[in-house]
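The structure displayed is predicted, hence computed values, not measured ones. So you know, we letter chains A, B, ... as the sequences are listed, proteins then strands, and number each from 1.
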Amino acid sequence: MPLRALKKSVELFRKSGQYIASVRLTVVLLFVLIPVAILGSVIPQGREYSEYAEKFGFKWTGLFYQLHLNTVFLSPWFLILVVLLGANILSCLIVSLMKAKRTFGFILIHLSLILLIAGGLVSATMRLKGDLILNEGQTASSFDHRGKMIPLGFELRLKDFELQHYENELEKLMIAMPGGQKPFEFRFRKNLWTAIPGTDYQFQVERFVPDFRFDMASRAAFSASEEPNNPAILVRMKGKAEDYTEWVFANFSDFHMTSERPIGLKYVWAQKVPKAFISHVEILEKGRVVKELAIEVNHPLRYKGFSVYQASYDSIEGKWSGLAVVKDPGTGIIFASIIMIMLGLTLNIYFHPTRRKKRKFEDEAKEPQ
Amino acid sequence: MTEAHFLSAAFVFYLVSLIPHAFVFFKKAAPRMERLARVLVVLGLLAQTVALVIRWKVTGHAPMTNMYESLVFFSWAFVAAYLLADFFLKISRLGFFILVGNLALLMYAFSHDATVKPLMPALQSNWLVLHVVTCFFSYAAFAVSFVASLAYLLPFPKKYFSHEQLDQVIYKSILFGFPLLTLGIASGAVWANEAWGQYWSWDPKETWALVTWMIYALYLHLRLIKGWNEKKLAGVALTGFLFVIFTYVGVNYLLSGLHSYAR
């Protein structure tokens, strides 16, 4: 009886081994992973409970949390599927190598996929990431990663944050002088004095507010949001006899002039398109500046194993910069697997020896006898 | 002459080529018409190439940064893929359907805003060209496989298409496009790591591109399994291209993510 049970278990083990090393399992896993990935893209991932409850109701939200559908790609069952796929590819590769001679390209492709999964797992478990919000002049020497402070091993100081915009052809300030025939049109820059030709006046734009509101208590202007619902600029006019500031609103576009202030101002607003966000930073070691450079989107800073990326910025005043600090040991593995898979696919598909032989044979067959 | 002139000329060449293509489709042996059709398509492709070069020069960046530009580029790649497939696999009978599809693609492109817009910081990268070119060439190859699988699955009389040949067109187009899609996804991952410090973030576009990749990987593996006949495989190829369309267009409008600018 125990012998029969043992035989049965051995047979079961052999059959499971055969199944794990079969293309059939690859196909089944792909059939399962495809709808899973779709589900993960359709259900918003990693949001707050309240957001799901509002969007889908409590019943569905409860189900999402129970089945980890709110974090599909971090869930244990997704991890099991991915590891199973890795095991399947590895065993398929071994069995297939034992059965027949395989091309170098074939081996590279399948090894790279295993490496890709391994790299993904290394990143998922060992990646360090934190955000640094730095004001100009501020220094950081560590960052917060899931509640734990990680030392950088050096100091990072934001020297200056530069927000560049494309030259905006459409945004302008129009100034109508008393008795003047045609109003002047100016493309302006903030805090830059511009003389009005033929007059003793000059002006500068001191402030821009995208969504103008006025607080009666403090008698101060502020922006209700970053949306351009009520764009306004604060214009300072300076002449020989007077010096005053005035808010000009894009939504109320007529020239406003009174008997006390006969100069008419009109603001034509247009969306400013950012060209570059540049954080000019210094790296300090033992209080001494050892490196100075600029961090931009697509141009991160790499120093002592850390990479620092331009992540966000102060869109109103342009005073602070949001930097993302990353240390990911999985990246190197992923990049190695990318090189391998591309090499493997190129060799196996575009330069496959049997396909080339077949083509040569076909060409020979076509030749007249 | 402007970009619009050359693009219009390309459109007219493709449109006129439908006449000889129709002859080729209905008549089995029409070598003169076949040649004429090919010449017209090549002229159209040349005109479209000039249009793309002019736009590149005017904008100062590769013309692949919004929906209009990418559609025009996709159409160009689709015609190039067709000519390539015709050269190796002799598929001029499919030409009529491919050209109709391409004209529809161009008309869809013309319905989008063609104004030149400045490039946002994330797109100012040398990875842009490699990422977009490889993705769209793979899409173009898959589009050829889609037309072939459609011809396979529709009840055309046998005199029009040989199923064996169509199966080869489907298979070889996918075989050609698969490494390109892989490179497209991989270059996107390297670029994302350079721009945001994360090579993969399960953004909807990334996820759907991976799903599309998995479907074509599935197609290539299903060929190895007994019982999966050519008809079923044509069905998988057809489904694969529906996923390509959703990855390309649907995700931009229905699921928000890092590729939201591609509208």
Side-chain angles (χ1 to χ4, degrees), chain A residues 22-24 26-27 29-31 33-35 37-38 40-42 44-46 72-74 109 113 119-120 123 127 129 164-167 273-278 296-300 307-311 324-326 328 330-331 334-335 337-339 341-342 344-346 348-350 352 355, chain B residues 88 117-128 172 174-183 185-187 189-191 193-208 210-212 214-215 217-226 228 239 243 246 251 254-257:
Chain A
S22 68
V23 179
R24 200 166 285 274
T26 318
V27 168
L29 283 171
L30 286 174
F31 266 120
L33 281 166
I34 288 167
I38 292 172
S41 76
V42 174
Q45 298 292 291
V72 168
F73 305 112
L74 299 171
I109 294 168
L113 291 173
S123 286
R127 183 172 190 264
K129 196 215 165 208
Q164 290 180 356
H165 286 103
Y166 284 100
E167 285 292 327
V273 183
K275 189 180 178 186
F277 325 118
I278 310 168
E296 281 183 71
V297 181
N298 288 315
H299 301 283
S307 300
V308 187
Y309 298 85
Q310 184 63 54
V325 187
V326 177
D328 186 352
T331 310
I334 294 289
F335 287 180
S337 74
I338 285 175
I339 294 169
I341 198 168
M342 285 324 302
L345 283 170
T346 311
N348 209 41
I349 291 181
Y350 299 140
H352 196 285
R355 256 193 286 279
Chain B
F88 285 108
K117 290 195 179 109
L119 212 54
M120 60 186 284
L123 295 180
Q124 296 163 16
S125 167
N126 292 333
W127 288 103
L128 172 76
K172 289 193 171 155
I174 290 175
L175 216 50
F176 178 75
F178 190 71
L180 290 171
L181 180 65
T182 312
L183 185 56
I185 296 172
S187 57
V190 177
W191 184 7
N193 190 63
E194 205 64 8
W196 300 295
Q198 196 164 7
Y199 56 81
W200 197 263
S201 52
W202 295 107
D203 159 72
K205 194 76 148 186
E206 289 172 353
T207 309
W208 278 84
L210 180 67
V211 167
T212 307
M214 286 199 279
I215 288 177
L218 195 64
Y219 171 89
L220 294 173
H221 284 87
L222 283 173
R223 287 187 82 92
L224 304 173
I225 292 184
K226 277 180 196 164
W228 275 82
T239 313
F243 277 82
F246 191 79
V251 170
L254 299 173
L255 305 165
S256 66

- Test A:Leu345 against B:Leu183 for side chain to side chain contact (heavy atoms under 4.5 Å, CB included), laying out the working first. CA-CA 10 Å; A:Leu345 283 170; B:Leu183 185 56; over 6 Å; no

- Item | Stepwise side chain to side chain contact (heavy atoms under 4.5 Å, CB included) check, B:Asn193 with A:Phe335 | CA-CA 10 Å; B:Asn193 190 63; A:Phe335 287 180; 3.7 Å; yes

- Query: Which is it for B:Thr182 and A:Met342 under the side chain to side chain contact (heavy atoms under 4.5 Å, CB included) test, yes or no, and what are the steps along the way?
  - Reply: CA-CA 8 Å; B:Thr182 312; A:Met342 285 324 302; 3.9 Å; yes

- Given A:Leu33 and B:Met214, is the side chain to side chain contact (heavy atoms under 4.5 Å, CB included) satisfied, shown in steps? CA-CA 9 Å; A:Leu33 281 166; B:Met214 286 199 279; 4.1 Å; yes

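Heavy atoms closer than 4.5 Å to chain B are found in both the backbone and the side chain of A:Val27. Within the 4.5 angstrom heavy-atom criterion, only side-chain atoms of B:Phe243, from C-beta onward, approach chain A. Both the backbone and the side chain of A:Ala37 have a heavy atom closer than 4.5 Å to some heavy atom of chain B. Contact of A:Ser307 with chain B is not made at all, since no heavy-atom distance falls under 4.5 Å. Contacts between A:Ile341 and chain B at a heavy-atom distance below 4.5 Å involve the side chain alone, from C-beta outward. Of the two parts of A:Ile339, neither the backbone nor the side chain holds a non-hydrogen atom closer than 4.5 Å to a non-hydrogen atom of chain B.
Side-chain atoms of A:Asn298 and B:Trp191 include a donor-acceptor pair closer than 3.5 Å. B:Trp208 and A:Ser41 share a side-chain donor-acceptor pair at under 3.5 Å.
Annotation: maximal heavy-atom pairing with chain B below 4.5 Å, among A:Thr26, A:Thr331, A:Val308, A:Ile109, occurs at A:Thr331.
When the salt bridge (Lys or Arg N to Asp or Glu O under 4.0 Å) test is applied to B:Glu194, the partners found at least two apart in sequence or on another chain are A:Arg302. Considering only residues two or more places apart in sequence or on other chains, A:Arg127 meets the salt bridge (Lys or Arg N to Asp or Glu O under 4.0 Å) condition with A:Asp328.
Shown here for A:Tyr309 and B:Ala195, the closest heavy-atom pair between the two residues is CD2-O, 3.8 Å. Residues A:Ile338 and B:Ala186 approach most closely at CG2-CB, 3.6 Å, considering heavy atoms. Taking both residues in full, the closest heavy atoms of B:Leu175 and A:Tyr350 are given as O-CE2, 4.4 Å, listed atom of the first, atom of the second, then distance. For the pair B:Tyr199 and A:Gly120, the tightest heavy-atom approach, listed with the atom from each and the gap, is OH-CA, 3.9 Å.
With values rounded to the nearest 0.5 angstrom, A:His299 atom NE2 is found 8.0 Å from B:Gln124 atom CD. One distance of note links CZ of A:Phe277 with CE of B:Met120; it measures 7.0 Å at 0.5 Å rounding.
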